Amino acid sequence: MARNYWLFKSEPDEFSIRDLESRPQQTESWDGVRNYQARNFMRDEMKCGDLALFYHSNCPETGVAGVCEITQESHPDPTSWEKGHKHYDEKSSPDNPRWFMVAVTWRETFPRTVTLEEIKAHPKLQDMRIVQRGNRLSVTPVAKAEFDTICKLGRK
DNA sequence: GCCAACGTTGGC
DNA sequence: GCCAACGTTGGC
């Protein structure tokens, strides 16, 4: 089975690729996703071994900062039933979880960020959801060719 | 900080 | 099931 490719958005003030790199085993649960489409991608389609672009949003240099790998497939997100948690949802419970998360492991931080501006200007990256107006999904699928193109840009 | 775009909620 | 109101996202 071919692996799939993804893009994960995160505000670096909250959680950056450097944060992931410095976690134990360089691994962290991607909790807090509260959007059904993004949840369904994680729950139904992500497999161990899939690779993901780590995108920094809402910051001085928005763009792809590196790569991580899905190392644990989806399971219920316990922060969803933790009262007082920022992402608490009263309709989610251990018996009937509404939200799911995967775990990701750091793979590389690019020597330079591939900026949104650059992605928007690149002829091969025009179909990426990140360049489409008003796109707010925090987890999106990416084509292998797009993934490879971005890695090439980030590594040089 | 602004504001357009979007997803969700809830009254009807 | 419609849709207006609302809250959030995220580029700028």
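Everything quoted here is computed from the prediction, not taken from an experiment. Below, read A as the first sequence line, B as the second, and so on, with proteins coming before strands; counting in each chain starts at 1.
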Answer yes or no: are there more than 12 heavy-atom neighbours, outside A/Lys124 itself, under 6.0 Å from its atom NZ?
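Open: at most 12 neighbouring heavy atoms sit under 6.0 Å from NZ of A/Lys124.
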
Would you find more than 12 non-hydrogen atoms of other residues, nucleotides or ligands less than 6.0 Å from A/Glu11 atom CD?
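For A/Glu11, atom CD is crowded (more than 12 foreign heavy atoms under 6.0 Å).
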
Partners of A/Glu108 by salt bridge (Lys or Arg N to Asp or Glu O under 4.0 Å), sequence neighbours excluded?
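With neighbours one apart ignored, the set is A/Arg155.
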
Sort me out a list of protein N/O and nucleotides 10-12 of chain C N/O pairs below 3.5 Å, or just none if empty.
residue : atom : partner  : partner atom : Å
C/dG10  : OP1  : A/Lys9   : NZ           : 2.7
C/dG10  : OP1  : A/Arg136 : O            : 3.1
C/dG10  : N7   : A/Asn58  : ND2          : 3.4
C/dG11  : OP1  : A/Tyr55  : OH           : 2.8
C/dG11  : OP2  : A/Asn58  : N            : 3.0
C/dC12  : OP1  : A/Lys120 : NZ           : 2.7

Taking [atom1] from [X] and [atom2] from [N], how many angstroms apart are they, rounded to a whole number?
{"X": "A/Asn35", "N": "B/dT9", "atom1": "CG", "atom2": "C1'", "result": "15 Å"}
{"X": "A/His87", "N": "B/dT8", "atom1": "NE2", "atom2": "C1'", "result": "17 Å"}
{"X": "A/Gln37", "N": "B/dA5", "atom1": "CD", "atom2": "C1'", "result": "14 Å"}
{"X": "A/Arg129", "N": "C/dT9", "atom1": "CZ", "atom2": "C1'", "result": "15 Å"}
{"X": "A/Glu14", "N": "C/dT8", "atom1": "CD", "atom2": "P", "result": "14 Å"}
{"X": "A/Lys91", "N": "B/dT8", "atom1": "NZ", "atom2": "P", "result": "11 Å"}

Counting heavy atoms from C-beta on, name the nucleotide in B/dG7, B/dA4, B/dT9 closest to the side chain of A/Arg133.
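The answer is B/dA4.
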
Inter-residue atom distance A/Leu20.CG - A/Trp106.CH2, 0.5 Å rounding:
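The CG atom of A/Leu20 sits 9.0 Å away from the CH2 atom of A/Trp106.
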
Quick one about A/Thr79 and A/Arg34 (side-chain donor to acceptor, distance below 3.5 Å, no hydrogens or angles considered), yes or no?
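Short answer, yes.
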
Would you confirm whether the ring centroid of A/Tyr36 sits within less than 6.0 angstrom of the ring centroid of A/Trp99?
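Aromatic pair counts; centres sit under 6.0 Å.
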
